[in-house]
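Written out below as structure tokens is the structure these notes cover.
Naming convention: chains lettered A, B, ... in sequence-line order (proteins, then strands); numbering from 1 in each chain.
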Amino acid sequence: MKAKNILNKVYNPQPVEEKWGKFWIDEGLFVAQSFSSKQKFSMVLPPPNVTGILHIGHALCFTLPDIIVRWRRMQGYNTLWLPGTDHASIAVHNVIEQDLAEKGMTRECVGREKFLKLAWDWKEKYGGRIIDQLKKLGTSLDWTRERFTLDEGFSKAVRHVFVSLYEEGLIYRDYYLVNRCPHCGTVLSDIEVEHRDLDGRLYYIKYPLVDSDESVVVATTRPETMLGDTAVAVHPEDERYSKILGKKIYLPLTNRTIPVISDERVEKEFGTGAVKVTPTHDPVDFEIGKKHHLEQVIVIDGSGKMTEDAGREFRGLDRFECRKKVLLMLEEDGLLERIEDYKHAVGHCYRCKTIIEPHLSWQWFVKVAPLAKEAIRVVEKGKIRFIPPNWAKTYFEWMYNIHDWCISRQLWWGHRIPAWYCQDCDGVIVDMEAPQKCKKCNSADIIQDEDVLDTWFSSALWPFATMGWPEETQDLKTFYPTDLMSTGFDIIFFWVARMIMMGLKFGGDIPFKHVFINGLVRDFKRRKMSKSEGNTIDPLDMIEKYGADALRFTLAALAIPGMDLSLSEERMAGYRAFANKIWNASRFVLMNLEGEEFEIKEEELTLADRWIRSRLDRMIEELNEALEAYKFYEAADKIYHFIWHEFCDWYIELVKPSLKEGNKTTQGALVEALDGILRLLHPFMPFITEEIWQHLPGSQKSLVVAPFPEPNMAFRNEDVEAEMEHLQKTIVEARTIRAENRIPPKDRVSLWVKVKEDEEKAMIGRNQIYVQTLANVGKIDIVNDFPQEERLLKGVVGTWEIAVSPESILNLEQEKQRLEKEISKVSLDVDKIESRLRSTEFLDRAPKNVVQDTKKRLKDLQNRKLKLEESLRDLTLP
RNA sequence: GGGCGAUUAACUCAGUGGUAGAGUGCUACCUUCACACGGUAGAAGUCACAGGUUCAAAUCCUGUAUCGCCCACCA
């Protein structure tokens, strides 16, 4: 038979995944149509860093929307999922500069031009790596539309946005205290600084007053910055210091004197209540300095080394070396009063974890508040929806308190700032293209700003610039705004918020309707994954070991909105087993088909056939609902349960007798059910479903574009489901009796079914083949009473009783124990419900249907208890 | 300092007012002709704690504890 030759006993994912992954792309099945009468569904891929390799967080962040887009595609939408990569300035710099460092060089040695060539070469060499990995995962991306944030069109879009914002006054240049990472050699925006609590020290230093024997003691965590102090500040209402206000102080280790000033920002209770003010190396001090027009003495440079102004003894020293020296010298002069342990938050670079240095310099900024206003409104109004919704709160909190965004970076790999400075008149020219001469004084002596833009500045344009903006392309018309953005909570500020602002400002609309925020992937012990801990799970390893389908399904099954997920290989092995289960169930189906044509004759459908139709139909509806709500875990759980425990455990077993008779209608129903299952499962497990589907009679080009099943009320049948449920309970009860009494599986027991109603007799009569097959029963007798002469093992199923008569000898004690245990369990429930029903308050106040259900339940349980007790009595009779 | 989230079976987690669930693991039995990456049956929970609301609370409210995350210019 065809199937036997084709399907192996154990499913092997690798060749299947390779084959279909290539096929889908070669056939252009993921290519979106710019013009289409169909409804569109669009997304853009959060562009992974070009330096990156696929990690498990990506796998999650990309699998979930892929499930959605595949589902929508099958539903007939004109889908676009647009891929691309991000140039990631700092990350690329780190890689290339490390390379250079190994050769004893710096970027300055090679120069900008050569450096950029190295970066591009590097990009060409490794940029494709993550693309291959994305394909392995099965993401249904439209590769014909792939973009890169540094490609020509994108760069044009970036310049366009910069120039417009500048002309509108929303981008400006300022001399300001910003965060600088000495290691990365660039300034950073506020959100690129991570605050970590460090065990530091608080140093109390004596500052002698001029013309006095007294001194003021100030407390600081950074003694080295004292070299740049230009004042000591106290609170205006602090009486302890009122008499020294306006006096001068000798700044130790320098030959400068500084004033004592007052400012409300000083906390009286902290330290000594007097604070040293270093406007050039502390953000608060910077503000105080501005207000009081203090001198700005820069003592630490951008690379973390002490400057000339720090004094001869300190210049050139690293900031932390300098700290030691300063302390030593203060100690020698008797000016170090005391040292306390002190835990405090210190800013670190989010890329390289180096301690950030506040740095006074000329930088470019975006005035964000005006852009934020509309971005807040669209979320408030529900035009953009966060899933889960509580993330909107995080978004609002940041947006309401938003600061201006420093966008210039002292790097080379990136979008160079389109600003030129005239060397003659100091004029600034901001333009799309390089100007020939100064617009003010016509001088040709102009030079371009050395800096590039923050990578996130260009990422912010991703949803519309990828579609060809600022040209008015057909793609923009068709696919913008997009429908869904899937991303991590850690970049809500970095990316999501900025895309919303820029999308509204330049795309003319919101960039996306839904933002799905996925959780963090943790290890099986719920620890964060990190390379240093060695507990990372590499998705590519997992794909190799368990298959991409198993990985995808695992991620979906664990994706509870708003929750981090705890990933274990065990779990993945479980879903590989699931894939194997489907594979073998399909083998079974294919092996039992006779020919390619199946006519399903309604009148020939068995109870089992009609049952699986009804159940599958319910499944379709539930799956659609779960996916609409982005409840991936629920969808995965439901389809898993349906396939394994309804289709395999019950339906396949139930159809066996019918198949043996060569019932073509049942064969048809079986194929129909399997076909439906494969379609439902395809978004989650695209590879295996495609492979099997291609073996089914009547399959078309690809499951990727096969219609997703729609609920069909004609298949829904409550009566059939109820009838089957009763049979299932009967079968399970018989099996339980067998198992608990250690009746050997080979023992084809006889079964008595004791029923009163004619209708029930007919029901069990027409379905006895099912009970016989699934409970391994030899013959069934439908009786009004059990025969007295036989020693029987009895059970209760709803309104009827069953009795098993084994061929072998019984262990009465075992059965007695079983019944006693069962009775005590039922008794507990009975007691609980009786006491509830005794409460008049319950009877008066609870809804009618609840009271009725409770009463019915009590009756059933009492009936069950009674019958079990009878069985026990019969058993103990001589 | 502010905000958010978690606490349910051995483990990882569902479950938002009316009979406590799943997967894995565990126990017993079974290689029967889809599958041992399998089948059948079973054991297993004071739903963190303390109050409150309600006829009824894992679920709603208040508080406590523990853990985690984010934000924040007390040096």
How many Å lie between [atom1] on [X] and [atom2] on [N], as a whole number?
| X | N | atom1 | atom2 | answer |
| --- | --- | --- | --- | --- |
| Asp747(A) | U32(B) | CG | P | 17 Å |
| Glu397(A) | A72(B) | CD | C1' | 9 Å |
| Leu774(A) | A41(B) | CG | P | 10 Å |
| Lys855(A) | U19(B) | NZ | P | 18 Å |
| Tyr546(A) | C37(B) | OH | P | 13 Å |
| Asn580(A) | C35(B) | CG | C1' | 6 Å |
| Glu192(A) | C71(B) | CD | P | 13 Å |
| Ile743(A) | U32(B) | CD1 | P | 21 Å |

Do side-chain atoms of Asn580(A) reach the backbone of Tyr11(A) as a donor and acceptor pair under 3.5 angstrom?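 Yes, because the side chain of Asn580(A) sits within donor-acceptor range (under 3.5 Å) of the backbone of Tyr11(A).
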Can you tell me whether the side chain of [X] and the base of [N] have a donor-acceptor pair closer than 3.5 Å?
| X | N | result |
| --- | --- | --- |
| Glu740(A) | A28(B) | no |
| Lys581(A) | C35(B) | yes |
| Arg857(A) | U19(B) | yes |

Any side-chain donor paired with an acceptor under 3.5 Å for Tyr350(A) and Glu192(A)?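 A pair is found: one side chain offers a donor N or O, the other an acceptor, under 3.5 Å apart.
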Glu340(A) atom CD: more than 12 heavy-atom contacts under 6.0 Å: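 Yes, because the 6.0 Å sphere around CD of Glu340(A) holds more than 12 heavy atoms from other groups.
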Given A34(B), G5(B), A43(B), which nucleotide is nearest the side-chain atoms of Asn390(A)?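 Among the listed nucleotides, the one closest to the side chain of Asn390(A) is G5(B).
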Which part of the nucleic acid, if any, lies within contact of Glu653(A), taking any heavy atom under 4.0 Å across all strands shown: a base, the sugar-phosphate backbone alone, or nothing?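 Here Glu653(A) touches the bases of the nucleic acid.
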Less than 6.0 Å separating the ring centroids of Phe553(A) and Phe578(A)?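 Yes, they do, as the ring centres are separated by less than 6.0 Å.
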